[in-house]
Amino acid sequence: MVLVLIVIFGVSIGLMFPTLSEAQKGQKTFVTHTGGVITTSGEVIDPVYVASTMEFDPMEYLRDFNYGKVSKLPDGGILREFTIIAEDDKIMEVSPGVFYNVWTFNGTVPGPTIRATEGDLVRIHFINNGSKQHTMHFHGIHPAEMDGVFEIVGSGGGQFTYEFEAGPVGIHPYHCHVMPLEEHIVHGLYGVFIVDPKEKRPAADEMVMVLNGLDTDFDTENNFYAANTIPFYYQHHPIQINTNQLIRIYVVNMVEFDPINNFHLHGNLYHYYPTGTDTVPSSYTDMITLSQTERGIMEFEYTYPGKYLFHAHKVEFSEKGWIGIFLAKDKPGEELVESDYGT
Ligand SMILES: [Cu+2]
């Protein structure tokens, strides 16, 4: 299995905070061994400056929920229809100068966050435009033939329609389940499926964080780690939040090859609901540890404004990209910059 990987220059993954203009200045153009011409993004991956090649904006993904095409069923129930297309030929700059062959659902890693209410009928029109066999396997409760394991969907336009009732309430991953599974997962064929309770959760600033790893040299060890695919993204582009506002994070660990991952929050503790299936949190903590596909809901509020880190407390992972910053501001609408709080 030969996959395209072009490491163009030493990767800058230091803990630095260059301005956008510095990022742009750092762009370099190279000719690959096959004659292709590639321009890197500079010191920091930033969709503003790499729009031509960047297919994925982690800031947009963070709060992007796909509720599908909604219609009413004859019995009064709700039908939510989604079209998901698998591809396996995209090349993405995942870290400055590192181009990686990503396998995608609807063009991104992770795929779209699919969201429904408990009891809705979910219908997924799945099209495999890839060069390999793929499926969609949802965690949750559904008939055996909708499990996306034995009903293999062929390459080059194969189709399958998954249909099941949304449930149980919570956060569930979906991923391709074709063997070798680790290859199909580590290249990016996964996403998040949220099932809301009929009685909605309290209003909150909601986000999705998929913890993932990138094995860019194919030695079955990850070279990079991230929340939402791009290493260090939310450190270079802090997430703006408000003080005294409920923050709700749907978190899933999809890291392949490593047995555990974790999520540590600075200056605060969170209520944690494993799998999101219970209304009572299991713990009030600043640190959870997750095996692959373990997931849950975190809820917290910041009292004091300022800059707070969140990261894996498996230090290797945070130093290889799984780290970010919340900028908590007192006045909604105000745009904070990191320098307001020092570096
Ligand atoms: Cu697959």
Side-chain angles (χ1 to χ4, degrees), residues 1-5 55-56 61 66 68 81-92 94 98-114 122-140 142-164 171-194 208 210-226 228-230 252-258 261 291-295:
M1 174 74 248
V2 178
L3 297 165
V4 182
L5 168 73
E55 311 246 355
F56 177 66
Y61 172 82
N66 187 338
E81 291 183 87
F82 304 83
T83 299
I84 304 286
I85 299 172
E87 294 172 294
D88 47 36
D89 62 347
K90 283 187 185 301
I91 307 295
M92 181 173 164
V94 292
V98 178
F99 292 78
Y100 183 61
N101 171 214
V102 285
W103 301 4
T104 57
F105 287 130
N106 285 3
T108 60
V109 179
T113 298
I114 294 171
V122 175
R123 186 177 293 157
I124 312 266
H125 303 283
F126 177 60
I127 302 165
N128 178 9
N129 282 347
S131 61
K132 300 161 187 64
Q133 299 174 327
H134 298 299
T135 66
M136 290 185 80
H137 160 68
F138 284 80
H139 288 216
H142 45 246
E145 64 273 21
M146 294 296 151
D147 200 41
V149 174
F150 304 109
E151 294 72 24
I152 297 293
V153 185
S155 60
Q159 300 198 13
F160 191 90
T161 302
Y162 299 97
E163 191 173 293
F164 50 84
I171 167 176
H172 311 294
Y174 65 84
H175 58 86
C176 177
H177 212 298
V178 171
M179 301 300 222
L181 193 53
E182 66 179 25
E183 187 181 17
H184 288 246
I185 288 182
V186 79
H187 279 277
L189 285 172
Y190 48 77
V192 172
F193 173 43
I194 295 172
V208 172
V210 175
L211 311 183
N212 46 7
L214 298 163
D215 172 21
T216 52
D217 55 3
F218 317 117
D219 64 353
T220 69
E221 281 185 25
N222 291 306
N223 304 88
F224 300 95
Y225 297 87
N228 299 340
T229 309
I230 306 291
V252 184
N253 177 37
M254 288 306 300
V255 165
E256 191 59 67
F257 306 130
D258 295 283
N261 199 344
S291 181
Q292 191 181 43
T293 73
E294 269 199 298
R295 69 280 188 186

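Positions are given from 1, in the same order as the sequence printed here. Each ligand, and each atom within it, is numbered from 1 in the order the structure gives.
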Colleague: Within less than 2.8 Å, report the number of protein N/O/S atoms around the Cu ion (ligand 1).
Modeller: 3

Colleague: Report all side-chain donor-acceptor pairs from residues 148-160 shorter than 3.5 Å, counting only partners two or more places apart or in another chain.
Modeller:
none

Colleague: Which label fits His177 and His137: parallel for a plane angle under 30°, tilted from 30 to 60°, or perpendicular past 60°?
Modeller: perpendicular

Colleague: Out of curiosity, Glu87 CD to Asn106 CG, how far, rounded to the nearest 0.5 Å?
Modeller: 8.5 Å

Colleague: Parallel, tilted or perpendicular, judged at 30° and 60°: which one describes the rings of Phe138 and Phe193?
Modeller: perpendicular

Colleague: Is Met254 close to Thr293 at the side-chain level, that is, under 4.5 Å between some pair of heavy atoms?
Modeller: yes

Colleague: Quick one: pull up CH2 in Trp103 and CD1 in Ile185 and give me the separation to the nearest 0.5 Å.
Modeller: 11.5 Å

